Each structure stands twice: as structure tokens, then as C-alpha cells.
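Following: one structure in C-alpha cells, then a few remarks.
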Amino acid sequence: MLTTEEDPSTRTDAPAPAKATPTLTPPKAPPTPGRCLALVALLSAALMALHAHLPNTALNLGSLFQTLLPWTGLAVPALLALAAVRRSKLAAIAVLAPALVWTTLFGPALTDTLTGTPTDKGTAATGHGLTVLSHNVDEANPDPAGTARALAGAKADVLALVELSKEATPVYERELATAYPHHAVLGGVGLWSRHRLTAVAEVEIMPWTRAMRATAATPEGPVAVYAAHLASVRVSGAGFTTGRRNEAARALASAVRAEPGPRVVVLGDFNGTYQDRALAPVTAQLRSAQREAGNGFGFTYPAGFPVVRIDDVLVKGMDPLASWTLPATGSDHRPVAARLRF
């Protein structure tokens with residue numbers, strides 16, 4: 001009888017090999033609220049610091065952000081309050097970043113840089129100086145006579161008024177005639193001056209008259225003075241619509257660039273702030289009197305509660321000594337004025 005030795009590997013009753021126990025990886029903890037706040041703070045700081053590089057390709061959001069740039073500082077106390085609520089030291093430390101960037105950008109505007117005393121900044125320039133005033137008087141202004149008297153009371157040497165209506169223009173001419181023997185009005189813009197005006201001409205920035213220039217014959221020499229009202233902008237579903245304004249700015253910049261004289265003053269409503277890089281063709285050639293010699297932000301619009309400065313005094317070849325915003329008139333804009341030195 002033949003017997004065979006059974007191969008142990010073929011036995012069905014052999015114990016099965018033990019299965020490997022899987023290693024359990026604990027789930028990642030979600031970011032804490034403190035870390036989220038810290039990231040938001042750092043992002044806010046980056047947006048402030050890099051505002052000049054934000055793209056304008058999508059809805060012109062770069063220009064809109066720059067228009068409202070001073071208000072980004074409100075993020076600092078808001079984030080600091082949230083950090084306190086969350087008791088997060090990390091978030092509180094991170095808030096220092098946007099605070100530092102905002103202070104670097106706007107800290108100088110919060111210090112008093114006026115030259116001279118408050119009592120003389122509203123009087124006519126004497127000696128080697130010129131006081132100028134700009135105001136969007138508002139076509140719907142219910143009291144043009146009162147507005148004209150308020151402007152005359154500021155005793156500036158040169159006034160630039162924009163958004164003049166056909167009905168209100170004679171009122172301004174009558175009320176300002178005594179203080180300003182020289183004036184010129186083209187379309188909806190006008191210049192009034194204590195000094196003789198020559199070389200009055202329209203500056204073609206839009207299909208209808210929205211800008212003009214003249215030469216003021218001051219005792220210290222001629223000054224090219226512009227009154228300009230750039231196209232309006234809108235915030236809508238299509239974004240921040242600035243195309244027509246930007247075209248007008250480029251046309252105005254070309255006219256300023258072609259000025260043969262060394263002294264130029266551009267007054268008016270630019271429907272944009274000095275920080276808005278879309279206005280760079282103009283602002284790259286000129287200095288803002290408010291930025292150099294003003295106190296605070298000098299917001300002008302809307303008059304009841306101003307949140308942006310879209311009215312300005314821009315100069316070349318003259319030094320700003322003081323810049324200030326006047327009280328509200330019957331317009332939806334506030335007037336702005338500056339004292340300049342030759």
C-alpha cells in the first residue's frame with residue numbers, strides 16, 4: 001500500500017495569515033478663528049501696499065479700490081475687535097501689518113501741514129502768492145446766489161466753477177462781478193479772476209465743453225489756469241465704469257503737457273481721486289496741493305457727508321503753502337481752495 005506525505009502548504013486546515021492592521025491618520029484640525037483672522041489681516045495689508053498694482057481688467061475694481069483707499073483703514077479696528085473677541089494673540093499681532101501700511105500711506109495726511117495761521121488761509125494771497133478756489137456748483141443748486149456770495153467771501157484770487165447751468169450762469173456773473181472784474185465762461189465751466197485773463201480757450205476733452213484754460217496776468221507773472229470737469233463715473237452691475245472719464249483725463253493731460261509756460265494750475269472736478277492710477281496721465285505731471293499742504297483728507301463729495309476727494313487743486317511750477325476745504329454750499333460738492341507760492 002502506497003502512502004504519500006501530505007504537503008503542509010496544501011492543507012485547508014492551516015491557519016490564515018494575520019491581516020495587517022491599517023494605520024489610522026487623525027483628521028487635520030480645521031483652521032482656528034484666530035488663524036483665519038490673521039490671514040485676513042495679512043491679506044488686507046497686502047491689498048493696501050499693492051493697491052497700485054491691482055488689475056483694472058475686471059470691472060475696473062483696481063480704480064474703485066484706490067478711490068476708497070483711505071477707508072480701508074477701518075479694517076484695522078474691526079479686525080482688532082474680532083481678535084479681542086476670539087482672544088487670539090496671533091490675530092492681534094497680525095493686525096499690526098495693515099495698521100502699519102495704512103499709517104505709512106495716510107499718516108502724513110492726518111498731521112497739520114498748513115503753512116501760516118488759520119486766520120489768513122482764507123484771505124487773498126499777498127506778496128508772491130496766489131489763492132485759488134475750485135467748486136462744482138451743481139446744476140441743481142437751489143441757491144446759486146448764496147453759493148456765489150459764499151465763494152466771494154473766501155477772497156480767493158481766482159475761482160474755477162464747473163457744472164454751470166445756463167439759468168444760473170447770469171446769477172454767478174452778477175454776484176461775482178464786484179470782486180472779480182475778469183471772467184470767462186465756456187459751456188458749463190468758467191473762470192473768475194482779480195487779474196486780467198488772456199488766451200481764453202476751450203480744452204476739448206469731451207464732445208461738449210467741459211474744460212477751458214486761460215492765462216492769468218498776475219503781478220508775479222503769467223499763470224496758466226484750467227477749469228475742468230471730467231466725465232462722471234458710475235458703480236453698477238457692470239462694475240466701476242470709468243471709460244469716458246479716463247479718455248477725458250488723457251485729453252486734459254495732453255493739453256497740460258503742451259503748455260509753454262512754467263506755471264500751471266488745474267482746478268476742477270476730476271470724478272476720481274489723486275490715488276486713482278487711471279488719472280495718472282494728469283497727476284503724473286502735477287502735484288496735489290492737498291497732499292502737500294493740506295490738513296486731513298479734504299473729502300469733498302457728497303457735501304452732506306463727504307467720503308472721497310474728487311475735487312482738487314493740481315499745480316506745476318508753484319509751491320502749495322496751504323490747502324483746505326470750505327463749508328458746504330447749495331451744491332452736492334464742497335469747494336476746495338489752496339494758497340500757492342511763486
Side-chain angles (χ1 to χ4, degrees), residues 40-54 62-84 91-122 131-135 154 267 269-277 279-280 283-284 286-315 318-328 333-341:
V40 171
L42 295 177
L43 178 60
S44 299
L47 289 174
M48 294 180 198
L50 301 175
H51 66 89
H53 303 284
L54 296 179
S63 284
L64 180 60
F65 185 82
Q66 289 183 303
T67 298
L68 301 174
L69 190 58
W71 293 96
T72 58
L74 292 178
V76 174
L79 289 170
L80 196 59
L82 291 173
I93 294 173
V95 172
L96 292 176
L100 178 61
V101 174
W102 190 91
T103 302
T104 302
L105 290 174
F106 298 109
L110 302 180
T111 59
D112 190 352
T113 55
L114 291 175
T115 301
T117 64
T119 57
D120 68 6
K121 72 179 183 181
T131 299
V132 296
L133 186 152
S134 176
H135 191 26
L267 309 162
D269 174 5
F270 299 93
N271 274 308
T273 64
Y274 192 82
Q275 294 94 348
D276 188 343
R277 67 180 178 277
L279 299 182
T283 57
L286 304 164
R287 297 144 58 202
S288 168
Q290 179 66 23
R291 287 173 66 90
E292 292 198 10
N295 183 23
F297 294 112
F299 294 147
T300 63
Y301 181 84
F305 186 80
V307 296
V308 291
R309 182 180 176 88
I310 59 177
D311 307 87
D312 216 336
V313 176
L314 307 179
V315 302
M318 303 184 77
D319 294 323
L321 295 178
S323 176
W324 63 98
T325 303
L326 282 71
H333 293 243
R334 293 196 179 190
V336 296
R339 188 170 63 250
L340 311 174
R341 179 175 58 194

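Because the structure is predicted, anything quoted here is derived from the model rather than measured.
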Set out, in order, the CA-CA distance, both residues' side-chain angles and the distance that settles side-chain contact (heavy atoms from CB on, under 4.5 Å) for Leu314 and Phe270, then state yes or no. CA-CA 11 Å; Leu314 307 179; Phe270 299 93; 3.7 Å; yes

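- Taking both residues in full, the closest heavy atoms of Ala338 and Val313 are given as CB-CG1, 3.9 Å, listed atom of the first, atom of the second, then distance.
- The shortest non-hydrogen separation linking Arg334 to Ala328 is NE-CB, 4.0 Å.
- Applying the salt bridge (Lys or Arg N to Asp or Glu O under 4.0 Å) test to Arg287 and every residue at least two apart in sequence or in another chain returns Glu292, Asp319.
- A distance of 8.0 Å separates CD in Gln290 from CG in Asn295, rounded to the nearest 0.5 Å.
- Every pair passing side-chain hydrogen bond (donor to acceptor under 3.5 Å, both in side chains) that includes a residue from residues 63-81 is listed here, sequence neighbours excluded: His51-Gln66, Asn56-Ser63, Ser63-Asp276, Gln66-Arg277.
- Evaluation of the side-chain contact (heavy atoms from CB on, under 4.5 Å) rule for Ala99 yields Val76 as partners, not counting sequence neighbours.
- Minimum interatomic distance between Thr131 and Trp324 (heavy atoms only, all atoms of both residues): CG2-CH2, 4.2 Å.
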Could you walk me through whether Phe297 and Leu110 pass the side-chain contact (heavy atoms from CB on, under 4.5 Å) check? CA-CA 7 Å; Phe297 294 112; Leu110 302 180; 3.8 Å; yes

Walk me through whether Leu326 and Leu133 qualify under side-chain contact (heavy atoms from CB on, under 4.5 Å). CA-CA 9 Å; Leu326 282 71; Leu133 186 152; 3.6 Å; yes

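- Residues passing the side-chain contact (heavy atoms from CB on, under 4.5 Å) test with Leu68, sequence neighbours excluded: Leu64, Val308.
- Residues satisfying the side-chain contact (heavy atoms from CB on, under 4.5 Å) test with Val101, not counting sequence neighbours, are Ala45, Met48, Ala49, Leu105.
- When all heavy atoms of Pro98 and Ala94 are compared, the closest pair comes out as CD-O, 3.3 Å.
- Remark: Trp102 CH2 to Leu74 CG distance equals 8.5 Å, nearest 0.5 Å.
- For His333, the side chain to side chain donor-acceptor pair (under 3.5 Å) partners two or more places apart in sequence, or in a different chain, are Asn136, Asp311.
- To the nearest 0.5 Å, atom CZ of residue Arg309 and atom CD of residue Gln275 are 10.0 Å apart.
- Put simply, the residue from Leu42, Val40, Leu47 that forms a side-chain contact (heavy atoms from CB on, under 4.5 Å) with Ser44 is Val40.
- Here Ser288 pairs with Asp312 under the side chain to side chain donor-acceptor pair (under 3.5 Å) rule; sequence neighbours left out.
- Scanning for side-chain contact (heavy atoms from CB on, under 4.5 Å) contacts around Ala91 gives Leu37, Ala83, Ser88, with sequence neighbours left out.
- Nearest heavy atom pair, residue Thr300 against residue Val336, reads CG2-CG1, 3.3 Å.
- With rounding to the nearest 0.5 Å, the separation of CG in Leu340 from CG in Leu321 is 7.5 Å.
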